[in-house]
> 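Starting off with a structure, shown below.
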Amino acid sequence: MSKFFDALETRSADQRADDLAKLLPLQIGAAQALSGNARLDGFDASMIQSKEGLAQLPVLRKSDLMGMQERDYLGGLVTATPQQVFQSPGPIYEPGYKDRDWWGFGRFLHALGIGAGDIVQNCFAYHFTPAGMMFENGAEAVGASVFPAGTGQTELQARAAADLGVTVYAGTPDYLKVILEAADAASLDLSKIKAAAVSGGPLFPQLRDYYTDRGITCRQCYATADLGHIAYESEAMDGMIVDEKVLVEIVRPGTGDPVPDGEVGEVVVTTLKPEYPLIRFATGDLSAVLPGQSPCGRTNTRVVGWRGRADQATKVKGMFVRPEQVADFVGRHHDIQKCRVEVSHDGSTDVMVLKLETTSDQDFTDSIRDVFKLRASVEKCDIGSLPNDGLVIADLREI
């Protein structure tokens, strides 16, 4: 088995930039031609040839997508008729295509050492959501056989794994442990399982250690129903490498403004699949870019993994305070480098404090009232002193 899935993984920075400069205008142009993408009108696709160039385009959020789908089939965002359609909570509907590795999971499975001769017990859901088909599509791309087990019926899962000689588990991080314990109780031999490809939940270090102690290599990937595969762990175990079918930006929550590498912000993804060109889709997840390249030899951008949620709206004295308002406030004052809203309770009422990285002596009272429709105190902080956790609104109240 070759170490790399294909040559895309090891491109030089110059080659990657050249390829993107050719592909990105085509993808944006295709998106502009779709009925659902009026938000992209007026932009010159030929001039958007890099991740930096994308920053001028508006962000697409799940709430926007839901509204678009209420007006048009799949939001008017597909360029080809899908072979499959799925539903995720919202509801949001996702198209699926049966092309080789369309969802992008083959790259992750290949990096885990999965290929011809392996039998994958796929315990992701096949009901409504696309997770099961996503991993099945990836397993087929690397030549592995698939047992489409789905979720639940643990005793039958354990029996099937033993009878079939399953070598790979795919599913949420914790469910494999449940299957292994059920097999132990029934004296079933699952020692052929050598690898676990997990997603959809937290992989705690002690759980990974449990699998390692049983001879199982467990690695995780990051994906969503809307976008498919986004990033994955390799043998280097040093961050998560961005998939070659997507372009990832990290932006300040509530905005589309990119943050510097290393700063935590919201994950915004542009797909490079021509059938479903989602442009600057906001995941609502927080992460950060890791500088440099992976020691494994793959050259694409790395992210640190999931760091929480970006949708930090909270109620203060009965009124919502949202990240978009924080962005509006900062945008009015170019001498503010960073703002963090902290909400607490003094025993009788909510208290809102704006912590500002600024050297200005300006009085921000009127601006705060205009933007937030609330009173708040201001605490001026040294530049670079606020936490790098992606939070623009921190709710410190004990509920």
> Please determine whether a side-chain nitrogen of the Lys or Arg among K380 and E357 lies less than 4.0 Å from a carboxylate oxygen of the Asp or Glu.
no

> Between V378 and K355, is there a side-chain heavy-atom distance shorter than 4.5 Å?
no

> Using the salt bridge (Lys or Arg N to Asp or Glu O under 4.0 Å) definition, which of the options K62, R307, R309 pairs with D285?
R309

> Output yes when a side-chain donor or acceptor of T255 lies under 3.5 Å from a complementary backbone atom of R252, and no otherwise.
yes

> Hey, is the main chain of R39 close enough, under 3.5 Å, to the side chain of N37 for a donor-acceptor pair?
no

> Counting N and O atoms only, with roles assigned by atom type, does the side chain of T299 sit under 3.5 Å from a partner on the main chain of E9, one being a donor and the other an acceptor?
yes

> Using a strict cut-off of less than 4.0 Å between a Lys/Arg side-chain nitrogen and an Asp/Glu carboxylate oxygen, indicate whether K194 and D118 qualify as a salt bridge.
yes

> Are any side-chain N or O atoms of D346 and backbone N or O atoms of T349, one a donor and one an acceptor, separated by less than 3.5 Å?
yes

> Is the NZ or CZ atom of K177 both under 6.0 Å from the centre of the six-membered ring of Y211 and within 45° of that ring's axis?
no

> For the residue pair F135 and F105, does the interplanar ring angle fall in the parallel (under 30°), tilted (30 to 60°) or perpendicular (over 60°) class?
tilted

> Going by distance alone, is a donor N or O of one side chain under 3.5 Å from an acceptor N or O of the other, for Y126 and T151?
no

> Just by modelled atom types, is the A170 backbone N or O under 3.5 Å from a matching donor or acceptor in the Q121 side chain?
no

> For R219, is there any backbone N or O sitting under 3.5 Å from a side-chain donor or acceptor partner on E233?
no

> Anything under 30° is parallel, anything over 60° is perpendicular, the rest tilted; go ahead and classify Y169 against Y175.
tilted

> Against the six-membered ring of F320, is R322 placed for a cation-pi contact (under 6.0 Å from the centre, within 45° of the normal)?
yes

> Are any of the side-chain heavy atoms of Q362 and H333 separated by less than 4.5 Å?
yes

> Are any side-chain N or O atoms of R71 and backbone N or O atoms of G67, one a donor and one an acceptor, separated by less than 3.5 Å?
yes

> Taking the side chain as everything from C-beta on, heavy atoms only, tell me whether F281 gets closer than 4.5 Å to T271.
no

> Between D101 (side chain only) and G106 (backbone N and O only), is there a donor and an acceptor less than 3.5 Å apart?
yes

